[in-house]
Amino acid sequence: YKYRVSLKDKAGTAYSVDKPQEFLSERALERRNRQQLPVDETDLPVSQVYVDELKGLGAKLVTSSRWNNTVVLEVSDTLLMDEVAKKSFVKGVKKVWTQPDSIPPRNKKRGKEVTNDVKESGHYYGKAFRQINIHGGDSLHAAGFTGKGMHVAVIDAGFYNADKIKFFKKMDLLGTRDFVNPNSDIYAENSHGMKVLSCMAANIKDAFVGTAPEASYWLLRSEDQDTEQPIEEDYWAAAIEFADSVGVDVVNTSLGYYEFDEGYGGYRYRDLDGHYSLMSHSASVAADKGIVVVCSAGNSGRSAWKKVTPPGDSENVITVGALTKELKNAEFSSIGDTSDGRVKPDVMAIGVNSVVSGNDGTVSKANGTSFASPTMCGVVACFWQACPWLTAKEVIKAVQQAGDRVDYPDNIYGYGVPNLWKAYQKEVEKKK
């Protein structure tokens, strides 16, 4: 069993805000300085004194969160958690994971599926032109803003065959981390993250070029495909804090949770306030650290839930709904608003028959806000590359203001379809 333990404070931490270089990279600090964002107590790692005391009881540390001041402990005897709960520095204890009966094996022969049979289409972007063009992404690229120098983290479920697929051969890979199972082969896990990544990072001209082909990428896994349990939010929090610490500029996450496996319940509409869910709270903090988070709205439009799924309710993130190629709302796309009355989704991008890489390395199609989000994320990275003087919150505002429904936003389209080439021109004018 795994439990989330909320701590009351950070007393006894070995770190201090005066020496942030001990827990944040130079690039992370540069990003903060550029946006005049202070390092504060939320940035400090959790108290090692507390961690040692909890481990002394016989619990194993799984992960921790600086921003939430929580740790996740693994135990085989649940009675041990009664002892943990009695500690004076513990605020609360919540069970977040129970070991499943079995885990299906991963495909050891996955590489044999890859044909990389890529047909040229005669157009630079291949069939992906439409999903890029509606946001002015092609104009940004033509002006030299292709994402170069921008660090993007993709937090997802796995990047199946991404190491074998030709679309990613030119990709600048900064590294990979698996927060679910640090010993896994991240390229043998779920294919969802690979498809998401392809919307941004694919780079074979005349076949398939994504929205940020020259950006640099971190591939981070937080989603456990074998079960649906609250611990995935803890993994996600660890992933985004890692992204912060290595100096990432933009994060895409095409994940969302509103119901979990039996025994763990789920969220209610009134919980969609941007902070109630651990994941939403973490996403809402990111802009204060100078990071732009782009996330999928969710695919619950046809279900009884209907609403955006956490972290799509977060404050100061760009939540993306899905459109058809005709720019009509996709029926499955989750709607807003949040329970505290904020407009969600923020903007829309194509998420029906989105052009993605198949598991075999050919051009494929997929449906979901999962693909609308990275398409938008890549254009946002190029826009920020073009306007490096903007803060994360100013980027988010500019993207909203660039929407074609900015004067009459609603809970289906949000601010509409943003044209970020026009947004760039507007920002340059303002700077003159």
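Quick note: numbers below take in every heavy atom, side chains included, and nothing from hydrogens, waters or symmetry partners. Since the model is a prediction, treat every value here as computed from it, not as a measurement.
- Using modelled atom types, no side-chain atom of Glu74 and backbone atom of Val62 make a donor-acceptor pair closer than 3.5 Å.
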Checking side-chain contact (heavy atoms from CB on, under 4.5 Å) for the pair Trp421/Gln425: CA distance, chi angles, key distance, verdict?
CA-CA 6 Å; Trp421 171 248; Gln425 292 174 307; 3.4 Å; yes
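- Panel note: side chain Ser25, backbone Ala28; a donor-acceptor pair is recorded below 3.5 Å.
- Heavy atoms only, all atoms of each residue included: Gly312 and Cys295 are closest at CA-SG, 3.7 Å.
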Test salt bridge (Lys or Arg N to Asp or Glu O under 4.0 Å) on Lys344 and Asp410 and set out the steps.
CA-CA 8 Å; Lys344 287 288 171 182; Asp410 61 28; over 6 Å; no
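- Of the N and O atoms on the side chains of Gln229 and Tyr257, not one donor lies less than 3.5 Å from an acceptor on the other residue.
- Using a 4.5 Å heavy-atom threshold, the side chains of Asp337 and Arg342 count as separate.
- Residues that satisfy the salt bridge (charged side-chain N to carboxylate O under 4.0 Å, His left out) test with Asp172, not counting sequence neighbours, are absent from this structure.
- With sequence neighbours left out, Asp185 forms a salt bridge (charged side-chain N to carboxylate O under 4.0 Å, His left out) with Arg110.
- Closest approach of Ser280 and Pro310 over heavy atoms only: OG-CB, 3.3 Å.
- Counting heavy atoms from C-beta on, the side chains of Leu37 and Lys289 never come closer than 4.5 Å.
- With respect to Asp340 and Arg270, no salt bridge is recorded, no charged nitrogen being found less than 4.0 Å from a carboxylate O.
- Ring pair Tyr125/Phe129 is tilted by interplanar angle, where 30° to 60° counts as tilted.
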Go through Val154 and Leu220 one step at a time and tell me if the side-chain contact (heavy atoms from CB on, under 4.5 Å) criterion holds.
CA-CA 6 Å; Val154 184; Leu220 310 178; over 6 Å; no
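- Counting only distance, with no hydrogens or angles, the side chain of Asn411 and the backbone of Gly336 share a donor-acceptor pair below 3.5 Å.
- The closest donor-acceptor contact from the side chain of Lys2 to the backbone of Trp97 lies at 3.5 Å or more, if one exists at all.
- Side chains of Tyr415 and Gln400: no donor on one and acceptor on the other come within 3.5 Å.
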Expected list for residues 348-355: side-chain donor-acceptor pairs under 3.5 angstrom, two or more places apart:
| residue | atom | partner | partner atom | Å |
| --- | --- | --- | --- | --- |
| Ser354 | OG | Ile350 | O | 3.1 |

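- Salt bridge absent: Arg130 and Asp138 never bring a charged side-chain N and a carboxylate O closer than 4.0 Å.
- Heavy atoms from other residues, nucleotides or ligands lying under 6.0 Å from CD of Glu113 number more than 12.
- No side-chain donor-acceptor contact under 3.5 Å links Asn316 to the backbone of Ala287.
- With sequence neighbours excluded, the residues that form a salt bridge (charged side-chain N to carboxylate O under 4.0 Å, His left out) with Lys393 are Asp288.
- Residue Gln21 places its CD atom among more than 12 non-hydrogen atoms of other residues, nucleotides or ligands, all under 6.0 Å distant.
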Determine, stepwise, if the pair Lys432 / Glu429 fulfils salt bridge (Lys or Arg N to Asp or Glu O under 4.0 Å).
CA-CA 5 Å; Lys432 278 180 182 170; Glu429 268 310 303; 2.9 Å; yes
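- Residue pairs meeting the ring pair (Phe, Tyr, Trp, His ring centres under 6.0 Å) criterion with at least one partner in residues 183-231, sequence neighbours excluded, are Phe167-Phe208, His192-Phe371, Trp218-Phe242.
- Listed by chain and residue number, Ile132, Met200, Thr375, Val379 satisfy the side-chain contact (heavy atoms from CB on, under 4.5 Å) test with Thr211 (two or more places apart in sequence, or in another chain).
- Both cation-pi conditions hold for Arg405 and Tyr413: the charged atom is under 6.0 angstrom from the six-membered ring centre and inside a 45 degree cone around its axis.
- Shown here are the side-chain contact (heavy atoms from CB on, under 4.5 Å) partners of Ser300, two or more places apart in sequence or in another chain: Tyr258, Ser303, Trp305, Thr309, Ser334.
- When the shell of 6.0 Å around NZ of Lys91 is examined, it contains 12 or fewer heavy atoms from other residues, nucleotides or ligands.
- The shortest heavy-atom contact between Leu255 and Asp156 is CD1-CA, 4.0 Å.
- Between Val71 and Leu7, the closest side-chain pair of non-hydrogen atoms falls below 4.5 Å.
- A cation-pi geometry, defined here as NZ or CZ lying under 6.0 Å from the six-membered ring centre and within 45° of its normal, holds between Lys307 and Tyr269.
- Annotation: side chain of Pro213 is in contact with side chain of His141 (closest heavy-atom distance under 4.5 Å).
- The two residues Thr369 and Gly298 have their closest heavy-atom pair at OG1-N, 3.0 Å.
- More than 12 non-hydrogen atoms from other residues, nucleotides or ligands lie less than 6.0 angstrom from NZ of Lys8.
- Residue Lys426 places its NZ atom among 12 or fewer non-hydrogen atoms of other residues, nucleotides or ligands, all under 6.0 Å distant.
- Contact detail for Cys377 and Val250: the closest heavy-atom pair is SG-CG1, 3.4 Å.
- Side-chain contact check for Tyr3 versus Val72: every heavy-atom pair is 4.5 Å or farther apart.
- Between the side chain of Ser121 and the backbone N or O of Asp206 there is at least one donor-acceptor pair closer than 3.5 Å.
- Residue pairs meeting the side chain to side chain donor-acceptor pair (under 3.5 Å) criterion with at least one partner in residues 60-73, sequence neighbours excluded, are Ser65-Asn68, Ser65-Glu241, Arg66-Asp244, Asn68-Ser282.
- Considering OH of Tyr160 and CD of Gln225, their distance stands at 10.5 Å, rounded to 0.5 Å.
- Classification of Arg268 and Asp273 as a salt-bridged pair fails, no side-chain N sitting under 4.0 Å from a carboxylate O.
- A donor-acceptor pair is defined here as one N or O able to donate and one able to accept, closer than 3.5 Å; such a pair exists between the side chain of Asn161 and the backbone of Asn359.
- Between Glu315 and His275, the closest side-chain pair of non-hydrogen atoms falls below 4.5 Å.
- Not a single donor-acceptor pair under 3.5 Å links the side chain of Ser222 to the backbone N or O of Ile155.
- Using a 4.0 Å cut-off between charged nitrogen and carboxylate oxygen, Glu427 and Lys430 count as a salt-bridge pair.
- A ring pair (Phe, Tyr, Trp, His ring centres under 6.0 Å) check over residues 336-366, counting only residues at least two apart or in different chains, returns nothing.
- Judged as a side-chain contact (heavy atoms from CB on, under 4.5 Å), and not counting sequence neighbours, the contacts of Ser184 are Asp178, Asn181, Glu189, Arg221.
- Ser198 places no side-chain N or O within 3.5 Å of a backbone atom of Ala202 that could act as its donor or acceptor partner.
- Of the possible donor and acceptor atoms, one in the side chain of Lys10 sits under 3.5 Å from a partner among the backbone N and O of Glu41.
- More than 12 non-hydrogen atoms from other residues, nucleotides or ligands lie less than 6.0 angstrom from NZ of Lys169.
- Residue pairs meeting the ring pair (Phe, Tyr, Trp, His ring centres under 6.0 Å) criterion with at least one member in residues 377-412, sequence neighbours excluded, do not occur.
- Here the closest non-hydrogen pair linking Val46 and Thr13 is O-OG1, 4.4 Å.
- Residues passing the side-chain contact (heavy atoms from CB on, under 4.5 Å) test with Ala142, sequence neighbours excluded: none.
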